[in-house]
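Read the structure below first, then the notes.
First the proteins, then the strands, lettered A, B, ... as listed; each starts at 1. Please read all numbers here as calculations on a predicted model, not as lab measurements.
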There are 2 protein chains.
Amino acid sequence: GIILKNVTKTYGEGDVKTTALDGVSIEIDDGAFVVVLGPSGSGKSTLLNVMSGLDTLDEGEITIDGARIDTMKDNALTAFRRKHVGFVFQQYNLLHTLTAKENVDIGGRLVDEPHDSERLLDDVGLAKHKTKYPFQLSGGEQQRVSIARALAKRPKVLFCDEPTGALDEEMGKAVLGILQRLNEKHGTTVVLITHNAAIARLAHIIVRLNSGKVVSVKANRPV
Amino acid sequence: GIILKNVTKTYGEGDVKTTALDGVSIEIDDGAFVVVLGPSGSGKSTLLNVMSGLDTLDEGEITIDGARIDTMKDNALTAFRRKHVGFVFQQYNLLHTLTAKENVDIGGRLVDEPHDSERLLDDVGLAKHKTKYPFQLSGGEQQRVSIARALAKRPKVLFCDEPTGALDEEMGKAVLGILQRLNEKHGTTVVLITHNAAIARLAHIIVRLNSGKVVSVKANRPV
Ligand SMILES: Nc1ncnc2c1ncn2[C@@H]1O[C@H](COP(=O)(O)OP(=O)(O)OP(=O)(O)O)[C@@H](O)[C@H]1O
Ligand SMILES: Nc1ncnc2c1ncn2[C@@H]1O[C@H](COP(=O)(O)OP(=O)(O)OP(=O)(O)O)[C@@H](O)[C@H]1O
Ligand SMILES: [Mg+2]
Ligand SMILES: [Mg+2]
């Protein structure tokens with residue numbers, strides 16, 4: 001499970017101080033499909049970055065499977081993330097000098113039985129784009145490479161920051177199907193930010209943020 | 001008006017050839033609100049880039065207000081775009097070393113009466129973020145800076161590549177309101193790519209693309 005206790009993260013000081021997360025406390029059970037909703041600038045990406053160990057916090061604690069993520073040394077944290085955490089970034093974060101396939105390979109590189117990269121790219125409709133570089137791909141194609149890369153390591157926890165933002169309805173549904181199958185068949189914990197109501201409907205739990213605070217945590221659908 | 005005649009654009013050669021636009025012919029009247037729909041990878045961004053003179057074509061002609069955009073020399077084309085064309089990019093394309101306000105200033109820099117940058121940022125809900133750099137802004141905040149920058153020059157034609165992709169419903173509606181007002185009160189021609197059905201409903205004309213071809217051009221709403 002993932003437990004956040006009173007997590008606060010601020011930027012800047014004085015009158016240019018931004019409180020991106022303000023005393024956030026949440027508990028997420030293994031195998032849950034959690035959707036995070038909230039206005040632009042409300043702290044959703046910051047929440048995911050801090051929850052996954054990609055970013056530091058200023059106050060509070062984060063525990064994943066009993067391990068205190070917020071106090072881990074860099075090496076241990078990096079090793080933990082590489083093995084267990086998949087992340088689909090809001091701005092994709094693809095490596096520009098690697099092809100689509102190579103970007104996905106990187107995702108699975110440090111685990112014993114990664115998914116086959118080509119198969120993952122086929123699954124997200126990129127069969128004909130595997131040897132292209134990011135600058136040769138459309139926005140939605142880049143987003144899909146980012147998704148395939150996150151899946152390559154068969155992560156225990158998958159964090160997705162608006163994974164279908166650049167996709168049309170059809171392709172968005174296909175991606176959602178993949179995420180649902182991962183969650184229901186393989187027990188992957190999914191924590192997903194979206195503005196898409198159709199995706200939110202699939203959640204077990206819906207977390208709403210506003211100005212860095214958790215406004216509500218609601219059960220949406222039984223596990 | 002904007003006229004495309006038989007526009008084709010391809011990438012690569014042989015069996016790695018991609019036909020991004022395939023014999024596209026469209027006419028857009030001044031003051032129209034045009035929405036471009038289509039699956040990921042269907043050629044929408046390429047259409048906008050070519051239509052606005054940001055990218056070259058391989059076959060066909062593009063005429064804006066009687067001027068052949070596709071045969072213009074670089075200097076003339078750049079001058080034309082700077083004066084008349086506003087562009088909201090799918091990946092924002094903000095200058096990283098400039099603040100939000102400075103990015104918007106750049107947008108209006110070469111016209112006689114640009115909009116006030118601070119006012120534009122207020123209009124898109126960024127009153128408290130004007131002095132921040134792009135890396136200090138959320139995805140949706142960066143997108144809104146990109147919108148404000150495009151509006152700064154009071155363009156005759158505004159091209160928007162998924163301008164509300166990173167925004168929640170509330171903020172998306174606010175942006176749409178701005179675009180609608182520009183179109184209805186100031187006669188700005190708006191050519192907008194979106195996956196959002198609510199935005200598509202506002203269109204005078206809906207253009208559907210699939211695999212680089214125009215599948216249909218439909219009147220949606222009277223001008
Ligand atoms: N430099 C390039 N080299 C090769 N193929 C390219 C290049 N740029 C774009 N393409 C291809 O052209 C096609 C159309 O791209 P475009 O960006 O116009 O699609 P789009 O409709 O905007 O997609 P999305 O909704 O995902 O943003 C895509 O299949 C893309 O892979
Ligand atoms: N390095 C930074 N310095 C200052 N403020 C920051 C920094 N990074 C983020 N912020 C601010 O923290 C707030 C939360 O940002 P975050 O990216 O988490 O929002 P979000 O909910 O993901 O928004 P969106 O839906 O637009 O992606 C925003 O107001 C943003 O401007
Ligand atoms: Mg975000
Ligand atoms: Mg595009």
Report the option among [options] that has the most heavy-atom pairs separated by less than 4.5 Å from atoms of chain B.
| options | value |
| --- | --- |
| A/Lys128, A/Gln143, A/Arg144 | A/Arg144 |
| A/Glu141, A/His129, A/Lys44, A/Gln91 | A/Gln91 |
| A/Gly43, A/Gly125, A/Gly165, A/Gly139 | A/Gly139 |

task: Mind ranking B/Gly140, B/Ala166, B/Gly38 by heavy-atom pairs under 4.5 Å with chain A and telling me who comes out on top?
output: B/Ala166
query: So which bits of residues 169-183 of chain A come within less than 4.5 Å of chain B, counting non-hydrogen atoms only?
result: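 Hits under 4.5 Å: none found.
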Segment of [X] engaging chain A (4.5 angstrom heavy-atom cut-off):
| X | value |
| --- | --- |
| B/Gln136 | neither |
| B/Lys132 | side chain |
| B/Thr18 | side chain |

Please say whether more than 12 non-hydrogen atoms of neighbouring residues, nucleotides or ligands are located less than 6.0 Å from [atom1] in [X].
| X | atom1 | answer |
| --- | --- | --- |
| B/Lys130 | NZ | yes |
| B/Arg154 | CZ | yes |
| A/Arg119 | CZ | no |

Stepwise side-chain contact (heavy atoms from CB on, under 4.5 Å) check, B/Ser40 with A/Ser138: CA-CA 7 Å; B/Ser40 170; A/Ser138 77; 3.7 Å; yes
query: Between atom CG of A/Asp168 and atom CG of B/Asn196, what is the distance when rounded to the nearest 0.5 Å?
result: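 With rounding to 0.5 Å, CG (A/Asp168) is 13.0 Å from CG (B/Asn196).
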